[in-house]
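Notes follow the structure.
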Amino acid sequence: MLPPAARYVDTMPELPEVETVRRQLEPLIVGARIVESEAHPSAKFSQATLATGYRVEGIDRRGKYLLIGLGDGMAMAPSMELIVHLGMTGGVHVVDSIPDDPYLRAWWSLKDGRFIMFRDVRRFGRLAVVPTGEYSSLPTLHALGPEPFDPALDGRSFHAALARSRRHVKTSLLSQRPVAGVGNIYADEALWRSRINPAARRVGPDRSERLLAAIREVLSEALANNGTTLRDYRTPAGDSGNNQEFLDCYGRGGQPCRSCGSTLSTRQLDQRTTTWCPTCQVR
DNA sequence: CGGGGTTCCTGGCCGC
DNA sequence: TGCGGCCAGGAACCCC
């Protein structure tokens, strides 16, 4: 049985999309024992096979990274983590058989007969198996900023984090250092909502607080909508996101600002497509 | 060690 | 209709 490719959800995974995957995956695979695995030879995926023999103990998430806890089921062996980054087009699916799929990059068979598969058309995703918490091989995860909903993250500390860099504020956000989990879509959305120009290089305390509040709003709203799905694909369960219907800024260049009616602008900012309102988001 | 530039990929889309 | 060319996009990687 070959699931048609178009039936897989194609997201642009940022925090809400990755958290949606985590929540769906957790009840399916926690407790399962991995008995065999296979991976694409690229270094981006080849470590997947190191998860063989382990039991899935839990699934956490940091920013856009899924952290799948691996143990021996008795806490005897040192615990490991299977780290999954979905990149642009990555997806994790639990299936009863391995499909003949040119974009299958890794799979793990489970003792109960099911399979976890990692599918990634553009190969921007990444898989790693590391000792728990040992993230030096993944520099962005290693230096990852706080979770956006961490109560310890407040306007003051967020401002301090932004002030450590003179890069454009949007580029800082995409670095994952001031806060984890914000990508191109939600960076544009949060900057629009907080009326901050993406090319600003200094963001003061008040605007930092506004930006943090906006990031929390756009992320929690997206999460409530099961994330943003940029194509009308649906899983067999019909559970793809619908947050794309609620985007105010991303992808709306040339269309009227929903706040002031000006035409939204789009240009490259540090090699990233960026949309903003030239009236609301003045420098 | 921060940060700028480059690279990885392929489907989709545009123009002819 | 076919096809070349271009583009998106996160983060590793290289180098200053």
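Naming convention: chains lettered A, B, ... in sequence-line order (proteins, then strands); numbering from 1 in each chain. Fair warning: this is a prediction, and the values are worked out from it, not measured in the lab.
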**Message:** Between A:Glu19 and A:Arg23 (salt bridge meaning N to carboxylate O under 4.0 Å), is one present in this structure?
**Reply:** yes

**Prompt:** How close or far is atom C1' of B:dC13 from atom CZ of A:Arg122, stated in whole angstroms?
**Reply:** 11 Å

**Message:** Can you confirm whether the side chains of A:Glu134 and A:Thr132 place a donor and an acceptor under 3.5 Å from each other?
**Reply:** no

**Complete:** The residue, A:Lys44 or A:Ser137, whose nearest nucleotide of DNA chain C is more 5′ is A:Lys44

**Message:** Under 3.5 Å, is there a donor on one side chain and an acceptor on the other for A:Lys170 and A:Asn197?
**Reply:** no

**Atom-pair distance (CG on A:Asp120; P on C:dG10), nearest Å** = 14 Å

**Message:** Pair A:His40, A:Phe45 - check ring pair (Phe, Tyr, Trp, His ring centres under 6.0 Å), show working.
**Reply:** CA-CA 6 Å; A:His40 185 282; A:Phe45 310 114; 5.6 Å; yes

**Request:** Take the protein atom CZ of A:Phe45 and the nucleotide atom C1' of C:dG10, then report the distance between them rounded to whole Å.
**Result:** 13 Å

**Asked** Are any of A:His85's side-chain N or O atoms less than 4.0 Å away from OP1 or OP2 of C:dA11?
**Response** yes

**Request:** Could you please name the option among B:dG5, B:dT10, C:dA12 that lies closest to any side-chain atom of A:Gln271?
**Result:** B:dG5

**Message:** Counting only side-chain nitrogens and oxygens, does A:Tyr65 get under 4.0 Å of the OP1 or OP2 atom of C:dA12?
**Reply:** yes

**Prompt:** Counting distance only, does the side-chain N/O of A:Thr89 pair as donor-acceptor with the main-chain N or O of A:Arg122 below 3.5 Å?
**Reply:** yes

**Nearest-Å distance for atom pair CG/P, residues A:Asp270 and C:dA8** = 14 Å

**Fill in**
A:Leu86 atom CG is separated from B:dC9 atom C1', nearest whole Å, by 16 Å

**Message:** How many whole angstroms separate atom CZ of A:Phe124 from atom P of C:dC7?
**Reply:** 14 Å

**Prompt:** With a 4.0 Å cut-off, would you call A:Glu57 and A:Arg55 a salt bridge?
**Reply:** yes

**Stepwise side-chain hydrogen bond (donor to acceptor under 3.5 Å, both in side chains) check, A:His93 with A:Arg119** = CA-CA 8 Å; A:His93 310 276; A:Arg119 181 178 192 271; 5.9 Å; no

**Prompt:** Is there a donor and acceptor pair closer than 3.5 Å between the side chain of A:Arg272 and the base of C:dG10?
**Reply:** yes

**Item:** Residue A:Met88, side-chain heavy atoms: nucleotide from C:dA12, B:dC9, C:dG10 that is nearest
**Value:** C:dG10

**Item:** Which nucleotide in C:dA8, C:dA12, B:dT10 has an atom nearest any side-chain atom of A:Pro139
**Value:** C:dA12

**Message:** Given C:dC13, C:dA8, C:dG10, identify the nucleotide with an atom nearest to the side chain of A:Arg126.
**Reply:** C:dC13

**Request:** State whether A:Glu17 and A:Lys64 are salt-bridged, where the test is any N-O pair (Lys NZ or Arg NE/NH1/NH2 against Asp/Glu carboxylate O) under 4.0 Å.
**Result:** no

**Asked** Touch check for A:Glu14, heavy atoms < 4.0 angstrom, all strands: base, sugar-phosphate only, or nothing?
**Response** nothing

**Request:** Name every residue in residues 171-184 of chain A that has at least one heavy atom under 4.0 Å from any atom of DNA chain C, in order of residue number, or write none if there are no such residues.
**Result:** A:Gln176, A:Gly183, A:Asn184

**Item:** Spacing between A:His40 atom NE2 and B:dT10 atom C1', to the nearest angstrom
**Value:** 12 Å

**Request:** Take atom CD of A:Gln268 and atom C1' of C:dC7, then tell me their distance rounded to the nearest Å.
**Result:** 9 Å

**Item:** Candidate nucleotides C:dA11, C:dA12, C:dA8, ranked by approach to the side chain of A:Leu138 - the nearest
**Value:** C:dA12

